[in-house]
Amino acid sequence: MARGKLRIHLGAAPGVGKTYAMLAEAHRRVERGTDCVVAFVEHHGRPRTEVLLHGLEQVPRRELEYRGGVFPEMDLDAVLARRPQVALVDELAHTNVPGSRNAKRWQDVEELLAAGIDVISTVNIQHLESLGDVVESITGVRQQETVPDEVVRRADQVELVDMTPQALRRRMAHGNIYRPDKVDAALSNHFRPGNLTALRELALLWVADRADAYLTRYRSEHRVSRIWGSRERIVVGLTGGPEGRTLIRRGARLAEKGAGGEVLAVYIARSDGLTSASPKELAVQRTLVEDLGGTFHHVVGDDIPAALLAFARGVNATQIVLGSSRRKTWQYVFGPGVGATVARESGPDLDVHIVTHDEVARGRGLPVARGARLGRSRRVWGWIAGVAGPPLLAALLSTVDLGLANDMLLFLALTVTAALLGGLLPALASAAVGSLLLNYFYTPPLHRWAIADPKNIVALVIFVAVGAAVASVVDLAARRTHQAARLRAESEILSFLAGNVLRGETGLEDLLERVRETFGMESAALLERASEVEPWTCAGRVGRGRPVARPDQADVDMPVGDHLALALTGRVLPAEDRRVLAAFAAQAAVVLDRRRLREEADRARTLAEGNRIRTALLAAVSHDLRTPLAGIKAAVTSLRSEDVEWSEEDHAELLAGIEEGADRLDHLVGNLLDMSRLQTGTVTPLIREIDLDEVVPMALGGVPEGSACLDVPETLPMVAVDPGLLERAVANLVENAVKYSPPGAPVLVAGSALADRVEVRVVDRGPGVPDEAKERIFEPFQRHGDAPRGAGVGLGLAVARGFAEAMGGTLDAEDTPGGGLTMVLTLRAAGTRPEPHPVAEPERQVS
């Protein structure tokens, strides 16, 4: 079932005329015979809007009780059961009353579209999810009812219903929007000139950005060589804190200002796991990013600024969005912070945006990168306390006499401090130095390396043992903390990998890119070989590092069975990382197998298509080829008959019938042979530069005189084509157009130039073709509507498109203004670079 089409009337504020425009469009469609119903439209007491509801079929609403009141809602089941061609659904961002099937009305609309029903809806610019913060700063009111930008962006048509702020305020003052008792409050609050002007600017910019995206797609589809602008890639750095939502929305707005903008949210997970990230908040932010059309990435890296910059450069980002630090002022003594470091090291190719938010200076931001276990700074302070601390303490105790017991307790406390800071080795050093100093300065005989009292020997031994025991406990705890943090990071990555499998994300390049991002490598490749004696081949590769031909040439290789290996370049991974890498390698093998299965399925579908074409060919031969043969046979038999004396007029008529049947037979057989050549990929165009007016007039020789008129200016640039293929393609188009044109309405064949392309338009005034059938008419053995079988086997347009694509051009169908169909043949101008076009595979042959 074909998915329905969505048309949205977008406005800057209530009252600009969105619902009015939607109802007016519905009346126009009803007049054209379209089955159109009102699924849910609220006129809000506006007389002119209410008048437009008359004459339109309205589906009864569903009444729902909630908190003692009764509220009308759209009856989704009734609309689905009624199954109109077009349904009108007002207020796309509306929140349904609890008890409805879906929480939001846009979700109801998605069900209608999935059922093949076209939908016309309305929405205000302030209800778009990504603009929530901006609208709140303009109007002072947070919009509770929002719709994901992607829902509006996917609409087939977005029409801006615009009105100046002054005109809208006059409409409000006249009572055409709200009731008179609400007019003054509205004009003083939401409908202030500044608010309306800002909202109008947002709406205009949003629609302008969408127009740019559509134009970019159009030029790409028509292979226009000069493309506008460059693509913006916005990397949003997340910490797992609540400020992430603000950063994501800001990044989405930055991306929308450039054609084809893309948002990539990245969370850097440190290997020691000592972060305040909330898994729940990260899940919410990931959902928000995906709703806004972006992607979420999870990367492991100890040096957060370096990992963030490496990720940004790896995806060719142009901008980085970071939040202002959540650290307190005194915490800056430990370093400049992630934002300042990224801004300093970003270089001239990356713009860094530091965005303020409500969490600024309310808590510690991204932690400083640490090494394994206790961290470098702690170990340094531990060694200072263990080596320099005992002499300093001895110098201090030389000024006072506290007794041997107290002196040993102070040295023991210093040893415990060294253990807590630096672990085992600094504590042992402190115990050794401290015991020597105690022996020399405080144990009789003084100032000699000897101990007279055996009790003091026991005390010193206990002193060293306690220091060593405390240091061992601290070191063991640090080990366990580091191992637990690493396992936690690994589990997050494996969980994400499992989620990809469940979601069916099976792109090999995407998986390899994820491997490269996760381990911070330069490149990642999946190598395979058929047997141990065969050379290795590359099944997929991402990144900019050096290419590797064998696994042993890579910095890291992970075998997958006997004939597959995952090869990474960039750095050598520690042994503990290979467990996660093995999971990625196994998933890569599964993805490769799935891709091969899909290719096999595609080949099977190709064979099935070939069988379908052969079946259609037999059906066509059984009738369409038999008809002209039967006519020729009957005419020849009549002429050879000796029982009838034919007059000269009858004789000429029979000969004309023979000639007409032979021409039809020649045309049908020619199209069949051409289609066979296209299906087997044996069409080899001989491209040369030629003027259109040398070829196109010859293509009109096969149609009756006066049924087609020509408008090809001599000033058009030359085209690079195969003259024979071009003549045959245009002839088929003209013959098809003449066949469906009404009497007295000649077909127009016009030429025009567009950038580095030249267009040939074949315009008829026939019944036209609906949008859903415009591609189907180019398939072999297809006739549109109630075309008689004698009109041909349905190969003319298929052959014309095949010839056009073989010459590097395109052939598309468009509506003729005022009724009819226009065939647009786009050709490459002479002197431009040829662009290869895929040709049919040999399996799809018709003979």
Side-chain angles (χ1 to χ4, degrees), residues 616-677 693-712 723-749 762-767 780-800 803 820-821 823:
L617 174 61
L618 292 175
V621 170
S622 66
H623 185 279
D624 293 283
L625 295 182
R626 183 183 300 171
T627 301
L629 286 174
I632 294 173
K633 175 66 176 177
V636 171
T637 302
S638 299
L639 289 174
R640 297 186 61 185
S641 175
E642 299 179 356
D643 299 334
V644 181
E645 186 70 26
W646 302 104
S647 64
E648 292 185 3
E649 292 79 5
D650 294 336
H651 191 84
E653 183 177 353
L654 290 173
L655 289 177
I658 293 174
E659 185 177 10
E660 180 183 357
D663 290 340
R664 287 179 57 191
L665 187 61
D666 178 69
H667 181 73
L668 293 174
V669 172
N671 277 339
L672 287 172
L673 293 176
D674 289 338
M675 198 68 231
S676 176
R677 292 169 60 204
D693 54 7
E694 298 181 22
V695 179
V696 175
M698 294 188 295
L700 306 184
V703 297
E705 185 176 355
S707 60
C709 57
L710 188 63
D711 181 16
V712 180
L725 297 184
L726 176 60
E727 179 184 350
R728 188 61 182 272
V730 175
N732 282 0
L733 296 178
V734 174
E735 291 174 7
N736 185 77
V738 170
K739 186 187 311 177
Y740 291 99
S741 293
V747 173
L748 173 63
V749 182
V762 181
V763 184
D764 68 61
R765 295 292 178 179
F781 308 105
Q782 295 291 326
R783 301 183 185 86
H784 176 63
D786 55 354
R789 294 190 63 84
V793 294
L795 286 176
L797 295 181
V799 169
F803 284 169
L821 187 68
M823 291 292 179

Sidechain-backbone polar pair: D764 side chain, G820 backbone, donor-acceptor under 3.5 Å: no
Gap separating the CG atom of L726 from the CE atom of M698, nearest 0.5 angstrom: 9.0 Å
Closest approach of S638 to L654 (non-hydrogen atoms, all atoms of both residues): CB-CD1, 4.0 Å
Straight-line distance of L700 CG to E735 CD, nearest 0.5 Å: 10.0 Å
Heavy-atom closest contact (A699 atom, E727 atom, distance): CB-O, 3.6 Å
Nearest atoms (heavy-atom pairs only) where I632 meets I658: CG1-O, 3.9 Å
By side chain to side chain contact (heavy atoms under 4.5 Å, CB included) - contacts of T637 (at least two apart): K633
Distance (rounded to the nearest 0.5 Å) between L655 CG and D650 CG: 11.0 Å
E653 atom CD: more than 12 heavy-atom contacts under 6.0 Å: no
Heavy-atom closest pair, residues A800 and A729: CB-O, 3.8 Å
Taking every non-hydrogen atom, the tightest pair across R765 and P742: O-CD, 3.4 Å
Side chain to side chain contact (heavy atoms under 4.5 Å, CB included) partners for P723, two or more places apart: R688, I690, V695
Option among V730, V747, L733, V763 that satisfies the side-chain contact (heavy atoms from CB on, under 4.5 Å) test with M823: L733
Partners passing side-chain hydrogen bond (donor to acceptor under 3.5 Å, both in side chains) against D693 (at least two apart in sequence or in another chain): none
Intermediate values then yes/no, side chain to side chain contact (heavy atoms under 4.5 Å, CB included), V738 and V734: CA-CA 6 Å; V738 170; V734 174; 4.1 Å; yes
Where G706 and P746 come nearest, the two heavy atoms and their spacing: O-CB, 3.6 Å
